[in-house]
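Reading through the structure tokens given below for one structure.
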Amino acid sequence: MGIKIRNVTKAFGTYTAIQDINLQIQKGDFVALLGPSGSGKTTLLRLIAGLENLDAGKIFFNGIDYTAKTVKERKVGFVFQHYALFKHMTIFENVAFGLKVKPRKIRPTKKEIKEKVMELLKFVQLEHLADRYPAQLSGGQRQRIALARALAVEPEVLLLDEPFGALDAKVRQELRRWLREIHQKLNITTIFVTHDQEEALEMADTVVIMNHGKIEQIGSPEEVYEKPANAFVYSFLGKVNEFKGESLVTNFPHVKGTEEAVGYIRPHEIVLHQQSNENSIPAVVIHINKAGSTVRFELKRLDTDELFEVEMTSDHYKKQGPFHKGEILYAEFKNIVLFDRKTNSIQTEKNVQGEVVSAISSYMS
Ligand SMILES: Nc1ncnc2c1ncn2[C@@H]1O[C@H](COP(=O)(O)OP(=O)(O)OP(=O)(O)O)[C@@H](O)[C@H]1O
């Protein structure tokens with residue numbers, strides 16, 4: 001099922017949660033709606049489902065205007081963050097529910113329902129839990145059952161709202177992989193909401209980045225990460241150090257009047273030296289975190305007192321270090337990305353420092 005959202009707007013009272021959104025989702029796509037809290041992700045998902053009425057615009061399913069269709073008519077399957085399983089029903093009954101409540105004419109027979117439910121439980125690898133109650137399952141198992149239940153009615157679109165949000169990191173990781181496999185097998189158009197950029201970039205084929213009820217960028221994970229459309233997308237996808245105004249001037253003596261310029265640098269794009277060079281800025285080490293395969297440093301610039309983060313692989317650190325808290329190091333900023341705050345557009349990207357200085361100078365002068 002392909003979905004087209006055309007000029008859709010939705011307000012709650014005087015607050016516009018979705019502002020004139022356009023989005024086209026291809027049949028079989030695996031889409032993440034990604035954005036900070038309150039950006040309108042859930043509202044957009046509920047509009048697609050037919051759980052909310054829109055104020056303006058249209059929604060098409062396979063080219064047909066579905067704007068006025070009910071939830072039932074849209075044939076969507078849902079999975080929510082908080083497992084909406086029926087507590088008083090067994091796992092089997094939970095999965096069978098959608099089939100049992102079908103109108104008599106199209107309701108499968110008891111035998112067919114049993115076969116279908118057992119097939120789904122096998123599919124989500126939990127057939128041995130058929131007779132248990134939801135309270136006897138782990139959070140991850142409950143979400144897998146919630147998915148089996150959503151799939152029982154053979155939806156044409158699968159909608160998931162922060163499906164793994166309430167689970168711990170390890171289970172979440174397992175379920176991400178599992179859901180991708182399920183999508184590969186079934187190829188149902190799937191849209192999931194998340195505020196976790198790692199989850200979106202890892203799982204989705206298409207990422208839709210939302211902010212303040214609008215879409216900031218649509219693209220593959222590579223596209224949005226490598227070619228962010230604006231400052232919001234850049235800073236939302238991964239850690240960044242932000243420098244503006246005086247800190248950019250101090251860093252780049254050629255730059256004049258920097259009010260509208262913001263420079264972003266990812267922590268792994270800063271190189272630390274024990275000796276100064278003409279491109280480096282002195283900074284004192286505030287904290288070193290050596291847990292895991294990446295070593296993270298917090299440093300304070302000596303010229304502006306600003307804090308910033310640096311990351312390097314532990315292998316690299318072994319060769320270059322050890323560094324110590326309180327030590328003065330020299331930070332060289334590679335790949336600074338400069339945004340114009342007025343137009344919210346990228347001025348320069350992925351340059352080495354020398355080129356950036358000239359780009360900034362020509363932009364500012
Ligand atoms: N039923 C409602 N009545 C009034 N305001 C609402 C309603 N539903 C959502 N909103 C508002 O609309 C905005 C968007 O909410 P929405 O739940 O879509 O955001 P979200 O991006 O999914 O956020 P989160 O990640 O926190 O769930 C928020 O400011 C929210 O307060």
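Not measured: the values here are computed from a predicted model. In each ligand, atom 1 is the first atom listed, and ligand 1 is the first ligand listed.
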[X] heavy atoms, cut-off 4.0 Å: which ligand 1 atoms fall inside?
X	result
Pro36	21 (O)
Ala17	12 (O), 13 (C)
Ser39	19 (O), 20 (P), 21 (O)

Does one side chain, of Asn230 or Glu216, offer a donor that lies under 3.5 Å from an acceptor on the other?
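Looking only at side-chain atoms, Glu216 and Asn230 do form a donor-acceptor pair, the distance falling under 3.5 Å.
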**Item:** atom 23 (O) of ligand 1: any protein heavy atom closer than 4.0 Å
**Value:** yes
Does the protein place any heavy atom closer than 4.0 Å to atom 7 (C) of ligand 1?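 Yes, there is a protein heavy atom closer to it than 4.0 Å.
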Discussion item. Within the structure, is a non-hydrogen atom of Gly35 found at a distance of less than 4.0 Å from ligand 1?
Written reply: no
- [ ] Any pair with a residue in residues 117-128 that passes salt bridge (charged side-chain N to carboxylate O under 4.0 Å, His left out), sequence neighbours left out, goes on the list, sorted by first then second residue, please.
- [x]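 Applying salt bridge (charged side-chain N to carboxylate O under 4.0 Å, His left out) to every pair that reaches into residues 117-128, excluding sequence neighbours, yields nothing.
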Looking only at protein heavy atoms, which one is nearest to [atom], and how far off is it?
atom	answer
atom 19 (O) of ligand 1	Gly40 N, 3.3 Å
atom 17 (O) of ligand 1	Thr42 CB, 3.6 Å
atom 26 (O) of ligand 1	Ser37 OG, 2.6 Å
atom 4 (C) of ligand 1	Phe12 CB, 3.3 Å
atom 29 (O) of ligand 1	Tyr15 CE2, 3.4 Å
atom 16 (P) of ligand 1	Thr43 OG1, 3.6 Å

I need the contact type for His195 against ligand 1. Using non-hydrogen atoms and a strict under-4.0 Å cut-off, is it side chain, backbone, both or neither?
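For His195, no heavy atom sits under 4.0 Å from ligand 1.
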Report yes if some N/O of [X] lies less than 3.5 Å from some N/O of ligand 1; otherwise report no.
X	answer
Lys41	yes
Val193	no
Gly38	yes

Identify whether the distance between the nearest side-chain nitrogen and carboxylate oxygen of [X] and [Y] falls below 4.0 Å.
X	Y	value
Lys170	Asp168	no
Glu309	Arg296	no
Lys185	Glu181	no
Asp20	Arg6	no

Donor-acceptor pairs under 3.5 Å, side chain of residues 24-39 to any protein atom, not counting sequence neighbours: which ones?
| from | atom 1 | to | atom 2 | distance (Å) |
| --- | --- | --- | --- | --- |
| Asp29 | OD1 | Thr206 | OG1 | 3.2 |
| Asp29 | OD2 | Thr206 | OG1 | 2.8 |
| Ser39 | OG | Pro36 | O | 2.7 |

(Q) Between Phe80 and Phe78, is the ring centroid distance below 6.0 Å? (A)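 Yes.
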- Should the ring pair Tyr66 and Phe61 be called parallel, tilted or perpendicular, given that the plane angle runs from 0 to 90° and is split at 30 and 60? parallel
For His88 and Phe86, take the angle between the two ring planes, folded into 0 to 90°, and tell me which bin it lands in: parallel under 30, tilted 30 to 60, perpendicular over 60.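 Plane angle between 30° and 60°, so tilted.
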